[in-house]
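Okay, so here's the structure we're looking at.
First the proteins, then the strands, lettered A, B, ... as listed; each starts at 1. Hydrogens, waters and symmetry mates are skipped; everything else that's a heavy atom, side chains included, is used. A quick note: this is a predicted structure, and the numbers were derived from the prediction, not measured.
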Amino acid sequence: MAKKVPVQVTLNGEERAEFVESGATLLNALRGRFGDTSPKGGCHQGTCGACSVIIDGELKLSCLTLAEACDGAEIVTTAGLATNSAMHPLQRAFAEGFAAQCGFCTPGMIMAAKALLDQKPDPTREDVIEALSGNICRCTGYEPIIQAVLAAAAASPHKAA
Amino acid sequence: MTLSVRTCPTVDEASAALAAGRARYLGGGTLVVRNASEGDLSFDTLVRSTDPALSRIAVAGGEASLGAGVTMAAITRHPGLAAIAKAARAVGGPAIRNMATVGGNLFAAAPYGDFAVALMALGATVEAGGKALGIDDFLQVRDDIRTMVTGVRFPLPAAGAFRFVKVSRIKPKGVSVLSIAAVIETDAGGAVCSARVALGCMADRPIRARAAEAALVGATLTEAGVAKAVAAVSEGIRPITDPIASAWYRGEVLPVHFRRLLLA
Ligand SMILES: Cc1cc2nc3c(=O)[nH]c(=O)nc-3n(C[C@H](O)[C@H](O)[C@H](O)COP(=O)(O)OP(=O)(O)OC[C@H]3O[C@@H](n4cnc5c(N)ncnc54)[C@H](O)[C@@H]3O)c2cc1C
Ligand code: FES
Ligand code: FES
């Protein structure tokens with residue numbers, strides 16, 4: 001049986017500790033141990049972006065990050081964005097703009113978009129395209145996603161929380 | 001298989017841990033975690049270090065020095081590194097750039113290693129296991145290196161002297177068809193006085209285009225002036241074949257992009 005190691009993180013504002021398999025990726029630990037299935041495993045090799053999360057303020061790929069390397073880190077996932085069951089402006093814009101079809105890429109897209117808006121609340125279309133360039137969507141053709149991010153930025157004149 | 005992770009507070013401890021057993025260093029993990037997930041059994045331990053020296057950037061006296069753990073994103077944000085930022089920006093998408101380190105890029109096999117191509121043109125020195133190695137030598141022996149790379153340093157190029165292009169099929173991000181980096185200095189009359197040219201994807205690791213460098217010295221950067229260098233740039237290349245492009249294709253388009261880079 002694989003050795004288990006303790007990992008303590010702040011996940012979406014909540015202090016959490018779990019034993020994870022030694023060498024486990026953060027993606028597998030989040031989904032299998034921490035019970036947060038919002039990051040998706042598309043490729044498990046860094047190319048699709050579906051597993052994107054924000055670690056200590058920076059967008060990262062959880063499939064290429066080791067859970068143990070996140071001990072003490074602050075992690076934000078799409079599951080943590082809604083407040084009191086009110087959707088985050090990005091979630092609302094995605095829903096209203098048909099920016100999610102099958103929805104598999106959506107949590108990663110939203111994390112990449114949030115990382116952008118946290119840095120640049122008023123991005124240009126080119127900024128959005130660049131920010132989403134590590135995320136693959138097989139359904140929408142991207143245009144509704146780009147529009148949704150721009151709409152979310154326009155809807156929240158201040159830093160997206 | 002269980003993969004053990006060892007976190008070491010200092011570079012010295014990490015180096016010692018690397019020397020013992022079947023261990024690999026964990027930089028940003030974009031290549032080595034992928035290897036582990038794909039079932040690479042050549043290592044059973046990943047060693048990482050939280051030594052702050054590894055993420056230090058210093059720019060002073062015309063020289064830049066980067067810790068091995070400095071990420072591509074940190075390079076693009078640093079005001080003192082604006083001249084070379086485009087080479088760091090060429091690596092992957094935003095999440096990859098937040099993870100990908102300088103140290104890892106030095107070990108990345110083609111089609112990866114775009115930043116290492118830039119470091120080669122910049123004439124960087126690589127610090128590995130307490131020794132300083134020229135980057136050309138380092139890249140020759142990198143497969144046998146069992147110690148830690150702690151950082152790189154290089155002279156900052158004169159304004160406008162650094163040129164870089166990465167050609168890819170998917171925009172704005174995509175794996176390299178090829179990349180070219182060059183540091184070209186010209187005299188008051190516009191004649192080239194020194195040139196270092198490095199190529200990515202033209203072998204399994206970055207290589208110098210020495211024949212083109214020699215042909216550039218004394219030339220002017222005009223259509224007629226660069227013709228000899230453009231003709232010489234393919235000398236000694238052995239491009240890689242992968243799903244992005246065949247060796248033949250890479251060899252065909254190299255002179256085209258090199259010419260454009262010189263005339264830009
Ligand atoms: C989707 C995707 C896109 C990518 N796109 C690009 C691209 O456009 N251009 C590009 O150049 N690369 C690209 N890469 C490859 C990779 O992300 C980069 O080359 C990156 O710089 C590797 O750094 P790392 O820190 O993640 O390396 P790691 O995976 O941590 O390490 C890679 C290797 O180097 C060794 N190593 C790392 N640091 C040290 C050190 N300090 N001392 C000794 N050994 C060390 C490791 O042991 C390992 O063998 C991409 C990767 C993915 C997954
Ligand atoms: S699952 Fe991580 S990038 Fe695809
Ligand atoms: S909505 Fe299906 S992959 Fe993007």
Side-chain angles (χ1 to χ4, degrees), chain A residues 1-5 7 20-28 39 41 43-73 108-109 111-116 118-120 126-136, chain B residues 1-8 23-41 43-50 55 69 71-74 76-77 86 89-101 104 108 111-112 168 170-175 243-244:
Chain A
M1 200 180 75
K3 193 177 87 177
K4 296 276 197 324
V5 289
V7 173
V20 307
E21 265 187 29
S22 180
T25 62
L26 178 63
L27 174 63
N28 287 342
C43 66
H44 295 269
Q45 55 169 348
T47 36
C48 76
C51 67
S52 302
V53 298
I54 295 177
I55 304 175
D56 291 331
E58 289 195 325
L59 186 73
K60 303 246 167 116
L61 299 170
S62 63
C63 72
L64 298 181
T65 302
L66 292 183
E68 286 159 271
C70 297
D71 198 39
M109 288 286 179
M111 281 294 109
K114 176 170 159 53
L116 169 70
D118 286 350
Q119 295 296 318
K120 226 179 206 181
E126 283 63 43
D127 292 335
V128 175
I129 292 172
E130 171 64 33
L132 301 179
S133 61
N135 295 69
I136 291 174
Chain B
M1 184 202 64
T2 304
L3 188 62
S4 306
V5 182
R6 282 204 50 190
T7 302
C8 304
R24 287 259 209 115
Y25 189 74
L26 172 69
T30 58
L31 293 171
V32 81
V33 174
R34 183 174 176 170
N35 290 348
S37 297
E38 286 172 355
D40 185 339
L41 297 176
F43 54 95
D44 59 17
T45 305
L46 285 174
V47 176
R48 59 192 279 267
S49 174
T50 49
S55 47
T71 62
M72 297 301 130
T76 61
R77 283 193 299 260
K86 66 177 154 196
R89 207 172 292 121
V91 175
I96 289 285
R97 288 197 289 277
N98 283 337
M99 303 174 74
T101 66
Y112 298 142
S168 56
I170 306 165
K171 306 260 165 19
K173 163 207 115 128
V175 170
I244 300 294

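Under a 4.0 Å N-O distance rule, the pair A:Glu126/A:Lys120 does not qualify as a salt bridge. A salt bridge is defined here as a Lys NZ or Arg NE, NH1 or NH2 lying under 4.0 Å from an Asp or Glu carboxylate O, and B:Arg24 with B:Asp40 meets this definition. The residues A:Glu130 and B:Arg97 are annotated as salt-bridged, a charged nitrogen and a carboxylate oxygen being separated by less than 4.0 angstrom.
Both the backbone and the side chain of A:Thr65 come within contact range of chain B, each with at least one heavy atom under 4.5 Å from a heavy atom of that chain. Both the backbone and the side chain of A:Ala69 come within less than 4.5 Å of a heavy atom of chain B. If you measure heavy-atom distances from B:Thr7 to chain A, you find no contacts under 4.5 Å at all. Within the 4.5 angstrom heavy-atom criterion, no atom of B:Leu31 approaches chain A.
With rounding to the nearest 0.5 Å, the separation of CD in A:Gln119 from NZ in A:Lys114 is 10.5 Å.
Using a 4.5 Å heavy-atom threshold, the side chains of B:Leu46 and A:Leu66 count as touching. Side chains of B:Val32 and B:Phe43 form a contact here, defined as non-hydrogen atoms less than 4.5 Å apart.
Using a 4.5 Å cut-off between non-hydrogen atoms, no part of residues 48-57 of chain A approaches chain B.
The candidate from A:Gly134, A:Ser133, A:Gly46 with the greatest count of non-hydrogen atom pairs under 4.5 Å with chain B is A:Ser133. Ranked by heavy-atom pairs shorter than 4.5 Å toward chain B, the options A:Glu68, A:Gln45, A:His44 are led by A:Gln45.
Closest non-hydrogen pair, B:Tyr25 versus B:Arg48, comes out as CE1-CA, 3.9 Å.
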